[in-house]
Amino acid sequence: MTNKPKQLGLNCSVFEDLIKGNCVYIDKTKIIHELITTGIRQFYFISRPRRFGKSLLISTLKSIFSGEKELFKQYWIGQKTDYDWQKYPIIHLDFGGIAHGNSQEFKQSLCFALQRIANDHGIENLRGIAPGDMLQDLVQTLKTNGKIILLIDEYDKPLVDHITNISIAEENRAILNNFYTTVKSLETNWRAVFITGVSKFTKTSLFSGLNNIQELTFDPQIAELFGYTYHDLITYLDTPINDLAQELHVTKDDILKKITLWYDGYRFSKDMRKAPMYNPLSVIACLDKKEFANYWFDTGTPGFLIPLLRTKREALEIPEIIKVPAGSFNAFDIKNISLYALLVQTGYLTITAYDPETQFFTLDYPNLEVRTSFKNYLLEAFAYTNSGDIANKCAQMVAAIESKDFEKFFDTVKAFFANMPYNLHVAQEAHYHALFHLLFDVLGMQPKSEDASSQGRTDLVLETPDSIIIFEFKLNSSVQKALDQILQKKYYEKYLHKNKTIILMGVNFSFKNKKLTFAWLPSSNFTKAP
C-alpha cells in the first residue's frame, strides 16, 4: 500500500480524505505548528484568493485539534515535534455552505448550522433565536470539556456575493457584526480561533469588536502557507511532472519552466526574500489533465467581479507599472471598493516589489494564466459578450488585420460596441482609447500606447510582420482631423527605418450617437521610405 503511487486529489480540500485516499499533501504542518503553539491561545484572520487552500487549512486544523495523530505520521508535525495531540471541542462553520440570499435566510441558515454542530456534540435544542445567542449557549455547554476551537471558513461569503446589491450586503453584515461581537464576548473560552476569507472588510466587528485578532494575510510567517514553492514541486510532485514531460515529449526542465511561466508569481508578503508561490489548483489540474490551461481563472473567479468591474472604468486603464502605498489594498468598504484592493485580494494582481524607503508596493499580474485571462475577462465585461463570441471575433479581427482588410476589421469592432449599454459609454477620448488598447492586447498584438516621438505622442501603434499601423483617436470630431494630426506631427517618421508598410488610422467616437467612424491612409499616399 505504501508503495502505491499517490493520487493528485484534484478538487479535494478535506485533509482526512487526502491522506486516507493516498493523495498528495504538500506538507505545511511546520508553519501550522508554529501558529498553534505560540502563546496560550491564538486568534488569527487570514485572507487569500479563492481556491488557494483556505478550506484545506481549516480541515487540517480540524484534524490536528481532533487529536488525529495517525493522519500526520508522515508529516513534519508528526515526525519532528512532541505536539500533545489533545482533543478539543470544535465549532466549525463554513459560510460558503450557509445560505445567505437575504438577511432572513442567512440568519435562519446560520442558526441551523449552529444547531447541527450542537447535535454532533450531543446537544439538543440550543436556546435563543439569534445566531449569537445560540453560539453563546453552545459554548457554555461545550466549555465543560475544556477550551474550544473555533474554525470559520469563507467568513465574507455573505458579503462578497452581494457586493453589487449593497442593501443585502449591509443587512448580512449586521448579522455578522452581532455574531462576531458574541465571539469576542466568549474570548476566555477559546483555545484557538482561525478565520479565513477572500477579503478584509472594514466596519465589520470581526476586526473592530474582536480586537485581539491577529491578521496574518501579508505576514512573512505564513507567506508560504498557501500555494506551492518551487521546492514543493520538485519534492512532492516529481512523478507527475515527469509523467507530463513524457506526455508532451519534452524534458522535465521544460515542464518546470512552463509551469513557472503559467502558474507561479504570487507573493503574499513585502519580504522579497520569500519565494513566489505557485497557484495550487492550476498546478494540480495541469498535472492531472496533462495540459496547460486557465484552470484557476475559470473556477476561481467570483460571480460578482464582472458587474463590479463595470462600475470601475479605471479597470480599462491599468498601467504597465502599478505603484501603491502600503496598506492601500489591506481592506475595503462594501460601499467604496478600491480597484487595486479588490484585484490584490482576489488574486488578479500580486506584489512584485516593495520599497522600504517610500513604503510603496509594485503590483503586477502574477503569471501568464492571469494576465491573458483577466484581459479577456475585462473585454467580456465591457463589451457585454461571452468568451466564445470574443474568441470568434478575435480570430476574425486578427485575420482582417493580417490581410489589411480594415473594413472587415472595423465591422467586427462595431459589433463589439453595439453590445455596450448606454451607461458604459463615457464622454472621454481616453476611455475609448483604453478599450482599443485592451482589444489589441487580447488579440496578442502587443499594442503601444502613447508612444513618444519628437513631435508628440502617438495614441496607439501596432506592429505586424510587414506593417506599422498608427492610430489617432478623436471624440466628437472627425476621422479627417485624426489623420491630419498624424500627418502634421509626422508621427510616422520614427518608423520609416523599419522598411515596412505604414498605415495611418483615424478613429472618431460620437458620444451622442454611440457610434465610431474610421478612415485609413497607406504610406504610399503620403510619404516614401528613404
Side-chain angles (χ1 to χ4, degrees), residues 24-38 42 44-54 56-58 60-61 75-77 80 194-200 214-237 241 256-257 259-284 296 300 321-331 340-341 343-371:
V24 172
Y25 171 68
I26 308 298
D27 191 355
K28 304 292 183 178
T29 61
K30 182 176 182 180
I31 302 172
I32 294 172
H33 179 263
E34 291 172 356
L35 291 176
I36 65 176
T37 56
T38 301
Q42 300 85 36
Y44 296 129
F45 168 76
I46 305 170
S47 74
R48 282 293 185 273
R50 287 188 174 185
R51 308 301 300 273
F52 242 83
K54 298 185 299 296
L56 178 58
L57 170 67
I58 293 295
T60 306
L61 288 164
Y75 302 106
W76 192 90
I77 193 173
K80 304 291 186 178
F194 280 82
I195 301 174
T196 74
V198 171
S199 306
K200 180 182 176 182
Q214 296 182 59
E215 187 190 348
L216 297 178
T217 299
F218 295 107
D219 192 312
Q221 182 182 5
I222 66 151
E224 298 175 8
L225 180 56
F226 299 89
Y228 304 154
T229 63
Y230 181 83
H231 180 264
D232 291 334
L233 261 61
I234 60 177
T235 301
Y236 298 97
L237 298 170
I241 288 172
L256 286 168
K257 288 176 183 177
I259 291 175
T260 299
L261 174 68
W262 274 74
Y263 307 127
D264 192 20
Y266 293 90
R267 288 189 184 275
F268 302 108
S269 168
K270 63 185 179 184
D271 186 349
M272 293 296 106
R273 294 171 298 179
K274 295 293 184 180
M277 304 302 293
Y278 292 77
N279 186 309
L281 171 71
S282 292
V283 168
I284 294 298
W296 174 80
I321 299 176
I322 308 166
K323 291 187 179 293
V324 297
S328 62
F329 50 80
N330 188 44
Y340 294 144
L343 295 181
V344 169
Q345 292 191 13
T346 50
Y348 303 102
L349 293 176
T350 194
I351 298 168
T352 58
Y354 176 69
D355 187 335
E357 291 189 8
T358 63
Q359 296 189 337
F360 265 66
F361 288 101
T362 302
L363 309 178
D364 199 356
Y365 301 104
N367 50 48
L368 180 63
E369 176 184 23
V370 177
R371 181 182 294 275

Spacing of [X] atom [atom1] and [Y] atom [atom2] [to the nearest 0.5 Å]:
| X | Y | atom1 | atom2 | value |
| --- | --- | --- | --- | --- |
| Leu61 | Leu56 | CG | CG | 9.5 Å |
| Ile46 | Gln214 | CD1 | CD | 10.5 Å |
| Phe52 | Leu281 | CZ | CG | 9.0 Å |
| Leu57 | Leu225 | CG | CG | 5.5 Å |
| Phe45 | Ile195 | CZ | CD1 | 8.0 Å |
| Met272 | Tyr354 | CE | OH | 9.5 Å |

What are the two closest heavy atoms between [X] and [Y], and how far apart are they?
| X | Y | result |
| --- | --- | --- |
| Leu35 | Gln42 | O-CG, 3.1 Å |
| Ala275 | Arg267 | C-NH1, 4.1 Å |
| Phe194 | Ile36 | CZ-CG2, 3.9 Å |
| Phe226 | Gly53 | CE2-O, 3.6 Å |
| Gly347 | Tyr266 | O-CE2, 3.4 Å |
| Asn367 | Val370 | OD1-N, 3.0 Å |

*side chain to side chain contact (heavy atoms under 4.5 Å, CB included) evaluation trace for Ile322 with Thr352*: CA-CA 10 Å; Ile322 308 166; Thr352 58; over 6 Å; no

*Any idea how Trp296 and Tyr348 line up, ring-wise: parallel (<30°), tilted (30 to 60°), or perpendicular (>60°)?*
tilted

Flag side-chain contact, heavy atom, 4.5 Å: [X] against [Y]:
| X | Y | answer |
| --- | --- | --- |
| Asp364 | Thr350 | no |
| Val344 | Phe361 | no |
| Ile222 | Arg48 | yes |
| Thr235 | Ile26 | no |
| Asp232 | Glu224 | no |
| Lys30 | Ile77 | no |

*is_close_aromatic(Phe268, Phe218), centroid dist under 6.0 Å*: no

_Using modelled atom types and a 3.5 Å cut-off, is there a donor and acceptor pairing between side-chain atoms of Gln221 and backbone atoms of Leu216?_
no

*Kindly say whether Ser47 contributes a backbone atom to a donor-acceptor pair with the side chain of Thr217 at under 3.5 angstrom?*
yes

*Among side-chain atoms of Tyr278 and Thr260, is any donor-acceptor pair under 3.5 angstrom?*
yes

*Worked check of side chain to side chain contact (heavy atoms under 4.5 Å, CB included) between Asp264 and Tyr230*: CA-CA 9 Å; Asp264 192 20; Tyr230 181 83; over 6 Å; no

_Tyr44 vs Asp219, side chain to side chain contact (heavy atoms under 4.5 Å, CB included): CA-CA, chis, key distance, verdict_ = CA-CA 11 Å; Tyr44 296 129; Asp219 192 312; over 6 Å; no

_Sequence-distant partners of Thr37, side-chain hydrogen bond (donor to acceptor under 3.5 Å, both in side chains), two or more places apart_ = none

